[in-house]
Amino acid sequence: MTAAFDLHRPRSLDALHALLDGLARRQQRFAISAGGTDLVPQLKLGLATPEVLVSLGAIPALRGITREPDGRVRIGAMTPLATIIADPLLHAVAPVLGEAAARVASAPIRERATLGGNVLADHRCNFFNQSPLNRAAHGPCFKAGGDVCHIVKSAVRGQLPQCQARIVSDTTPALLVLDAELQMHSPRGERRIALADFHLGDGIERHRLAADEVLLAITLPSRPGRVAAYEKLAARANLDFPSLGIALARDGDRLHAAMTGIGVRPASARAALADGALATLGESLASANPVYDQDGFPRDYRKRMIAAYVRKAARRIGGDAWT
Ligand SMILES: Cc1cc2nc3c(=O)[nH]c(=O)nc-3n(C[C@H](O)[C@H](O)[C@H](O)COP(=O)(O)OP(=O)(O)OC[C@H]3O[C@@H](n4cnc5c(N)ncnc54)[C@H](O)[C@@H]3O)c2cc1C
Ligand code: SF4
């Protein structure tokens with residue numbers, strides 16, 4: 001059963017940071033909620049136990065899709081995935097993002113789920129995303145506050161990587177091949193970081209967002225002529241998290257592939273367009289992260305599917321001549 005918590009809905013970034021500052025000074029556990037579609041299941045399973053829930057839903061600065069004077073497209077972190085899918089500007093400049101967003105969960109969930117929440121969604125593992133009863137049966141692991149990893153038995157508390165929970169965000173590989181940048185806001189002001197540099201190599205300490213920071217927006221550089229596709233392996237076309245997801249972009253004679261569903265960090269690989277380029281990309285992605293049995297599909301199958309899904313995406317972007 002979900003424990004009781006207070007709910008706050010600040011109406012500006014200043015009010016948000018004043019609230020977070022007060023919570024930190026009083027050492028109150030808090031969680032930030034965007035659409036809540038990743039967080040609420042965690043509350044229900046007792047995987048997150050905040051005393052205070054901070055909703056970002058009433059802050060106008062986090063919304064909207066705009067073209068910046070330098071040609072970049074700025075997407076507010078609170079933009080719902082359903083809006084990303086339907087937006088004409090994104091459809092024109094980065095259709096692969098809508099394509100990946102359309103593979104997240106189900107249509108009702110995509111009305112609430114946000115792009116920022118998808119980028120920051122928690123990593124998953126079969127031993128963690130379970131009911132308290134199930135977790136008690138095999139003993140809590142590091143990510144659940146225990147002293148063991150059931151995937152890598154030799155892992156030691158305090159030594160990184162401690163947890164191999166895998167990234168499952170469907171939009172992340174699409175954003176990586178679009179060279180997305182994250183815009184973050186804290187009481188110290190704004191900072192930007194390339195999505196490619198954002199992730200850390202641990203399933204608990206997953207990324208570089210500080211506790212008092214929020215993701216404000218995601219920006220995409222203008223790259224006319226780039227084409228890209230996203231392909232996802234999942235038990236069902238909708239509703240299931242990716243067992244594997246591959247985005248592939250072609251920009252002139254350059255290829256860029258990125259992967260979700262396997263590994264703590266989203267893997268990324270580049271190659272020049274030439275004979276054997278797809279095999280090279282498949283091999284680079286497959287060797288970037290170990291594959292563990294943490295998912296419905298066996299690990300060997302998921303590993304073999306990496307190269308197959310790079311080819312599948314290549315065929316979608318007119319790669320018949322070079323696949
Ligand atoms: C049945 C089901 C199926 C699903 N299937 C998929 C799937 O196939 N693919 C997939 O990628 N996801 C899936 N999800 C997970 C989830 O729905 C999506 O990842 C969604 O995009 C999360 O967005 P949200 O706005 O609801 O995030 P929230 O749940 O609100 O937040 C997620 C995390 O990000 C943090 N956060 C969010 N926004 C900000 C911000 N602006 N600044 C700082 N921190 C922030 C929150 O604190 C939280 O830790 C599924 C969920 C369910 C319930
Ligand atoms: S990888 Fe290990 S520590 Fe991380 S969630 Fe799975 S069992 Fe727990």
Side-chain angles (χ1 to χ4, degrees), residues 13 16 20 30-44 47-48 50 53-57 59 61-63 76-82 84 100-106 108-130 135 138-153 155 157 161-174 182-186 202-204 206-207 209-218 232 234-243 245 260-261 264 290 292-294:
L13 287 173
L16 169 72
L20 297 185
F30 66 88
I32 288 177
S33 174
T37 63
D38 197 51
L39 186 64
V40 170
Q42 293 217 354
L43 298 177
K44 287 185 174 170
L47 296 170
L53 194 68
V54 181
S55 165
L56 300 180
I59 305 177
L62 299 174
R63 293 190 175 269
M78 283 295 288
T79 307
L81 296 180
I84 303 280
R103 300 301 306 274
V104 173
S106 61
I109 291 177
R110 292 192 294 266
E111 293 289 333
R112 282 202 65 82
T114 65
L115 183 62
N118 192 253
V119 169
L120 296 169
D122 199 7
H123 288 21
R124 294 180 73 85
C125 173
N126 276 356
F127 289 96
F128 177 73
N129 298 95
Q130 299 288 353
R135 295 199 306 274
H138 47 64
C141 68
F142 289 132
K143 194 166 163 81
D147 277 319
V148 65
C149 172
H150 299 295
I151 296 284
V152 180
K153 306 272 185 206
R157 177 169 283 289
Q162 193 164 275
C163 168
Q164 298 288 344
R166 63 196 183 93
I167 181 164
V168 291
S169 158
D170 270 308
T171 63
T172 291
L182 306 181
Q183 201 180 344
M184 297 173 305
H185 196 276
S186 75
D202 185 61
I204 300 170
R206 295 169 293 129
H207 50 62
L209 192 76
D212 63 350
E213 252 179 342
V214 283
L215 180 59
L216 195 57
I218 294 117
K232 171 174 176 173
R236 295 168 290 185
N238 274 112
L239 218 55
D240 284 325
F241 286 89
S243 296
T260 190
V264 173
Y292 295 109
D293 269 323
Q294 281 166 303

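Here the structure is a predicted model, which is why all the values come from computation and not from measurement. Counting starts at 1 for both ligands and their atoms, following the listed order.
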> Where do Leu81 and Leu115 land on the side-chain contact (heavy atoms from CB on, under 4.5 Å) test, with the steps shown first?
Replying inline: CA-CA 6 Å; Leu81 296 180; Leu115 183 62; 4.2 Å; yes

> Quick check: does Cys163 put an N/O/S atom under 2.8 Å from atom 2 (Fe) of ligand 2?
Replying inline: no

> Near Leu56, which atoms of ligand 1 are under 4.0 Å from a heavy atom of that residue?
Replying inline: 39 (C), 40 (C), 41 (N), 42 (N)

>> Would the distance check show the side chain of Arg135 and the main-chain N or O of Cys141 forming a donor-acceptor pair, the cut-off being under 3.5 Å?
In response: no

>> Would you compute the distance between atom CG of Asp240 and atom CZ of Arg103 and round it to the nearest 0.5 angstrom?
In response: 10.0 Å

> Do Arg157 side-chain atoms and Gly146 backbone N/O form a donor-acceptor pair below 3.5 Å?
Replying inline: yes

> Hey, does Gly203 sit under 4.0 Å from ligand 2 if you only count heavy atoms?
Replying inline: no

>> Which heavy atom of Asp147 sits nearest to which heavy atom of Phe142, and what is that distance?
In response: C-CE2, 3.4 Å

> To the nearest 0.5 Å, how far apart are OH in Tyr292 and SG in Cys149?
Replying inline: 8.0 Å

> Can you tell me if an N/O/S atom from Cys141 lies under 2.8 Å from atom 8 (Fe) of ligand 2?
Replying inline: yes

>> Distance under 4.0 Å to a non-hydrogen atom of Leu81: what atoms of ligand 1 satisfy this?
In response: 21 (O)

> Should the proximity of Leu216 to ligand 1, defined as any heavy atom under 4.0 Å, be assigned to the side chain, the backbone, both, or neither?
Replying inline: neither

> If you count the atoms of ligand 2 from 1 in the order shown, which ones are under 4.0 Å from a heavy atom of Ala165?
Replying inline: 1 (S), 4 (Fe)

>> Go through it in stages, so that I can follow the logic: the residues are Thr79 and Ile218, the test is side-chain contact (heavy atoms from CB on, under 4.5 Å), and I'd like the CA-CA distance, side-chain angles, deciding distance and then a yes or no.
In response: CA-CA 10 Å; Thr79 307; Ile218 294 117; over 6 Å; no

>> Any nitrogen or oxygen of Ala113 lying under 3.5 Å from a nitrogen or oxygen in ligand 1? Just yes or no.
In response: no

> Which bit of Asp122 is near ligand 1, meaning a heavy atom under 4.0 Å away: side chain, backbone, both or neither?
Replying inline: neither

>> As an exercise, identify every atom of ligand 1 less than 4.0 angstrom from a heavy atom of Ala34.
In response: 25 (O), 30 (O), 37 (C), 38 (N)

>> For atom 1 (S) of ligand 2, what's the nearest protein heavy-atom neighbour? Residue, atom name and distance, please.
In response: Gln164 N, 3.1 Å

> With a 4.5 Å heavy-atom cut-off, do Pro50 and Leu43 have their side chains touching?
Replying inline: yes

> Can you tell me how far the CG atom of Asn126 sits from the NE2 atom of His138, to the nearest 0.5 Å?
Replying inline: 8.5 Å

> Nearest to atom 18 (C) of ligand 1 by heavy atom, Asn118, Val40, Leu43: which?
Replying inline: Asn118

> N/O to N/O below 3.5 Å, does that happen between Val104 and ligand 1?
Replying inline: no

>> Testing the basics here: between Ala102 and Arg110, what is the closest heavy-atom pair and its distance to 0.1 Å?
In response: O-NH1, 3.1 Å

>> Which of the numbered atoms in ligand 1 are under 4.0 angstrom from any heavy atom belonging to Leu239?
In response: 3 (C), 4 (C), 5 (N)

>> Below 3.5 Å, N or O to N or O, backbone or side chain included: is there any such pair between Gly36 and ligand 1?
In response: yes

> Has ligand 1 got any nitrogen or oxygen that is less than 3.5 angstrom from a nitrogen or oxygen of Val168?
Replying inline: yes

> Strictly under 4.0 Å, does any heavy atom of Arg103 approach an atom of ligand 1?
Replying inline: yes

>> Could you check whether any side-chain N or O of Arg166 sits under 3.5 Å from a backbone N or O of Gly261, counting only pairs where one atom can act as donor and the other as acceptor?
In response: yes

>> Looking at ligand 1, is there an atom of it that comes within less than 4.0 Å of some heavy atom belonging to Leu209?
In response: yes

>> Using a 4.0 Å cut-off to any heavy atom of Phe128, which atoms of ligand 2 qualify?
In response: 5 (S)

> Just which atoms of ligand 1 are under 4.0 Å from any heavy atom in Asp240?
Replying inline: 8 (O)

>> Test your reading of the structure: does Arg206 have an N or O sitting under 3.5 Å from an N or O of ligand 1?
In response: no

>> For atom 41 (N) of ligand 1, what is the closest protein heavy atom, and at what distance to 0.1 Å?
In response: Leu215 O, 2.9 Å

>> What I want to know is whether Ala121 and ligand 1 share at least one N or O pair that is separated by under 3.5 angstrom.
In response: no

> At what distance is the nearest protein heavy atom to atom 7 (S) of ligand 2, and which residue and atom is it?
Replying inline: His150 N, 3.4 Å

> Taking all atoms of both residues into account, what is the closest heavy-atom pair of Leu39 and Ala48, and its distance?
Replying inline: CD1-CB, 4.4 Å

> Hey, is Lys232 touching ligand 1 through its side chain, its backbone, both or neither, going by heavy atoms under 4.0 Å?
Replying inline: side chain

>> Considering both backbone and side-chain atoms of Ile32, is one of its nitrogen or oxygen atoms within less than 3.5 Å of a nitrogen or oxygen in ligand 1?
In response: yes

> Would you find a donor on one side and an acceptor on the other, under 3.5 Å apart, between the side chain of Ser169 and the backbone of Asn118?
Replying inline: yes

>> Can you report which non-hydrogen protein atom sits closest to atom 12 (N) of ligand 1, along with the distance?
In response: Phe241 CE2, 3.5 Å

> Rounded to the nearest 0.5 Å, how far does CD1 of Ile32 lie from CG of Leu209?
Replying inline: 7.5 Å

>> Checking the N or O distance criterion of under 3.5 Å, is ligand 1 in contact with Gly35?
In response: yes

>> Need the ligand 1 atom indices (1-based, order shown) with element for anything under 4.0 Å from a heavy-atom of Val214.
In response: 42 (N), 43 (C)

> Considering only heavy atoms of Leu39, which atoms of ligand 1 have at least one such atom less than 4.0 Å away?
Replying inline: 29 (O)

> Heavy-atom distance to atom 36 (N) of ligand 1: which of Thr172, Leu120, Thr114 wins?
Replying inline: Leu120

>> If you compare all heavy atoms of Gln164 against all heavy atoms of Gln294, which two are closest, and at what distance to 0.1 Å?
In response: O-NE2, 2.7 Å

> What's the shortest heavy-atom distance between Val168 and Asp122, and which atoms?
Replying inline: CG2-O, 3.9 Å

>> Between Cys125 and atom 6 (Fe) of ligand 2, is there a contact where an N/O/S atom of the residue lies under 2.8 Å from the metal?
In response: yes

>> Tell me the contacting part of Ile109 for ligand 1: side chain, backbone, both, or neither, using a 4.0 Å heavy-atom threshold, strictly below.
In response: side chain

> In terms of atom number and element, which parts of ligand 2 are under 4.0 angstrom from non-hydrogen atoms of Phe127?
Replying inline: 7 (S)

>> Counting only heavy atoms closer than 4.0 Å, does ligand 1 sit against the backbone of Ser169, its side chain, both, or neither?
In response: backbone

>> Considering non-hydrogen atoms of the protein only, which is the closest contact for atom 2 (Fe) of ligand 2, and what is the distance?
In response: Cys149 SG, 2.4 Å

>> Please determine whether side-chain contact (heavy atoms from CB on, under 4.5 Å) holds for the pair His123 and Val264, giving the CA-CA distance in whole Å, both sets of side-chain angles, and the decisive distance to 0.1 Å.
In response: CA-CA 8 Å; His123 288 21; Val264 173; 4.2 Å; yes

> Would you call Val214 and Leu13 a side-chain contact if the rule is heavy atoms closer than 4.5 Å?
Replying inline: yes

>> Determine whether Leu216 and Leu62 satisfy the following criterion, side-chain contact (heavy atoms from CB on, under 4.5 Å), listing intermediate values before the conclusion.
In response: CA-CA 6 Å; Leu216 195 57; Leu62 299 174; 3.5 Å; yes

>> Can you give me the closest heavy-atom contact between Phe241 and Ala234, atom names plus distance?
In response: O-CB, 3.9 Å

> Of all the atoms in ligand 1, which lie at a distance below 4.0 Å from a heavy atom belonging to Asp38?
Replying inline: 15 (C), 26 (O), 29 (O), 32 (C)

